[in-house]
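Notes for the one structure printed next.
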Amino acid sequence: MPVQVQTAIFDPGQLLNALHRDQLGVGAVVGFVGYVRDFNDGQEVAGMLLEHYPGMTEKALQKIVREAEERWPLSCVDVVHRVGKLEPGEPIVFVGVSSAHRSASFEASHFIIDYLKTRAPFWKKEDTAEGPRWVDAREGDQTALDKWAPRS
Amino acid sequence: MPVQVQTAIFDPGQLLNALHRDQLGVGAVVGFVGYVRDFNDGQEVAGMLLEHYPGMTEKALQKIVREAEERWPLSCVDVVHRVGKLEPGEPIVFVGVSSAHRSASFEASHFIIDYLKTRAPFWKKEDTAEGPRWVDAREGDQTALDKWAPRS
Amino acid sequence: MITVQFFARYRELLNQDQAHMHWDEHLDTVGALRNRLVDRGEPWILLSEPRLMCARNQELCNLDEPLRDGDEIAFFPPVTGG
Amino acid sequence: MITVQFFARYRELLNQDQAHMHWDEHLDTVGALRNRLVDRGEPWILLSEPRLMCARNQELCNLDEPLRDGDEIAFFPPVTGG
């Protein structure tokens, strides 16, 4: 099960270690963890609510993982994304990739989180001192995709 | 202590989690783990001995970490590298980076392992069925540095 | 029948997460459906914002995506997960 | 006095991990030191391989690096850690 959407908190270290376990052909594991920060866009953040599109979310993530698997020779991929109520300091998302060599693991995990940021149906609503606010999409998340465009 | 050279095995997951602990400004952690594979360059590998240059090793790693810190806005960096006798499946190296945003964490950790591979004084000697052999440097490790050259 | 879903800011401003609409031959694309909703006036006009994203049967699509009776369509603002 | 260290394959083939040499004014670079060792013939000739790496006082350097009395110099094959 390479893709998991859940309300429960998770342990990033455990997920990182699980990507290698007993696979003696794996030389390189890369794990990315996104955390809730206590500050964003100039405001203190006391927590957030993560909304998603049940049904579509898992499909969107699986499609992104399949695209990565077509592009790089990977052993295992693991994506866990939380929804619901989150506190500052809690992990939001884990993207882990194992492979024989390091460049595939680095590039595939970076690719997956870049695509997740612009293609997977999640929306963050932050609690700030001025009340709740929907997080605005970052321009940089779109331009981050440029590096994955096929080279001519 | 961002750099550690040791014979003892380590727990990559624990190191990954430690990069975030209690730092509410950290939004993105990337951890890379290199493992001993049971197969390399066409031969089965039963284990390896990792030689290093005591005294220089720590300095070389610290210099690479400093270069990364000058290049990207990072919160914490952690590099652990083992020496001595290693078995297939054991972790060799951990490179972890925390930062406010993901691109800095990805790029800095990738940069550090690429430089470590070509600049830090470690040498692997593998045990194979045909006896021990020194691992040959990979051409690809040199060319991997090209992507970090200053853009003109 | 077309099922239309709204998420996040759209869901809040439209004060509904779901609508059902009868399909007809003029509703031949997801964009035509969007336009029919926008024509209702406030607050539906917000669906005319250029950054609107849409999905047909739970897959991202463009506004020129063909629409068929029975489809599940979703409109939502740019995603902000991860 | 110059301390010269050898690692990995070089250490094994030279059958020593360390040598001490008197400094003189002709030993003005790390490369000059390397050449003097290579001039000893077998097995020292292996230090002439183009991929040789060197360090002066525990920092990577090139063969044109100036050499001073008291320096710690190391010669080693391309590194393979990580």
Side-chain angles (χ1 to χ4, degrees), chain A residues 10-40 44-46 75 87-103 105-114 116-117 138 140-141 143-144 147, chain B residues 10-40 44-46 75 87-103 105-114 116-117 138 140-141 143-144 147:
Chain A
F10 59 82
D11 179 343
Q14 210 176 340
L15 297 176
L16 185 80
N17 288 345
L19 277 163
H20 176 266
R21 215 172 309 284
D22 298 333
Q23 290 178 84
L24 298 180
V26 163
V29 171
V30 171
F32 167 82
V33 196
Y35 288 93
V36 183
R37 291 188 298 150
D38 61 352
F39 202 84
N40 189 30
E44 281 191 40
V45 174
S75 300
E87 307 285 333
E90 289 187 0
I92 307 173
V93 59
F94 176 83
V95 175
V97 171
S98 64
S99 181
H101 298 291
R102 72 186 183 282
S103 63
S105 293
F106 269 110
E107 291 175 16
S109 53
H110 200 166
F111 171 93
I112 289 169
I113 185 68
D114 278 357
L116 185 158
K117 285 259 178 191
R138 296 173 63 219
D141 285 335
T143 56
K147 66 175 163 298
Chain B
F10 58 82
D11 178 344
Q14 212 177 336
L15 298 175
L16 185 81
N17 287 346
L19 277 163
H20 175 267
R21 217 175 307 285
D22 298 331
Q23 290 178 83
L24 299 180
V26 163
V29 171
V30 171
F32 167 82
V33 196
Y35 288 93
V36 183
R37 290 187 298 148
D38 61 351
F39 201 84
N40 190 28
E44 280 191 41
V45 174
S75 300
E87 308 284 334
E90 289 187 2
I92 306 174
V93 59
F94 176 83
V95 175
V97 171
S98 64
S99 181
H101 299 292
R102 73 185 183 284
S103 63
S105 293
F106 268 109
E107 291 175 16
S109 53
H110 200 166
F111 171 93
I112 289 169
I113 185 67
D114 278 356
L116 185 157
K117 285 259 175 190
R138 295 173 64 219
D141 286 334
T143 55
K147 64 175 163 300

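What's counted below: heavy atoms across the whole structure, side chains too, no hydrogens, waters or symmetry copies. Within every chain, numbering begins at 1; the chains are lettered A, B, ... in the order of the sequence lines, protein sequences first and strands thereafter.
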When the 4.5 angstrom heavy-atom criterion is applied to B:Asn40 and chain A, the contacting part is neither
Less than 4.5 Å apart, any side-chain heavy atom of A:His110 and any of B:Val30? no
With sequence neighbours left out, the residues meeting salt bridge (charged side-chain N to carboxylate O under 4.0 Å, His left out) with B:Glu90 are B:Arg82
Quick check on the interface: out of A:Asp141, A:Ile92, A:Val93, who has the most heavy-atom pairs with chain B under 4.5 Å? A:Asp141
So what's closer than 4.5 Å to chain A heavy atoms on B:Ser109: side chain, backbone, both or neither? both
Heavy-atom pairs under 4.5 Å with chain A are the metric here; pick the option from B:Leu15, B:Val26, B:Leu19 that has the most. B:Val26
Okay, B:Ala144 and chain A: the region with an atom under 4.5 Å from a heavy atom over there is side chain
Interchain contact, A:Val36 with chain B, by part (heavy-atom threshold 4.5 Å): backbone
Which atom of B:Phe106 lies closest to which atom of A:Ile113, heavy atoms considered: CE1-CG2, 3.6 Å
Assert top hit (heavy-atom pairs under 4.5 Å, partner chain B, pool A:Arg138, A:Arg21, A:Gln23) equals A:Arg138
Which atom names give the shortest non-hydrogen contact between A:Arg37 and B:Gly25, and what distance separates them? CD-O, 3.2 Å
Qualifying residues under salt bridge (charged side-chain N to carboxylate O under 4.0 Å, His left out), relative to B:Glu44, sequence neighbours excluded: none
For the interface with chain A, which of B:Val45, B:Leu16, B:Asp114, B:Val33 has the highest count of heavy-atom pairs at distances below 4.5 Å? B:Val33
Just wondering, do B:Gln14 and A:Asn17 contact through their side chains at under 4.5 Å, heavy atoms? no
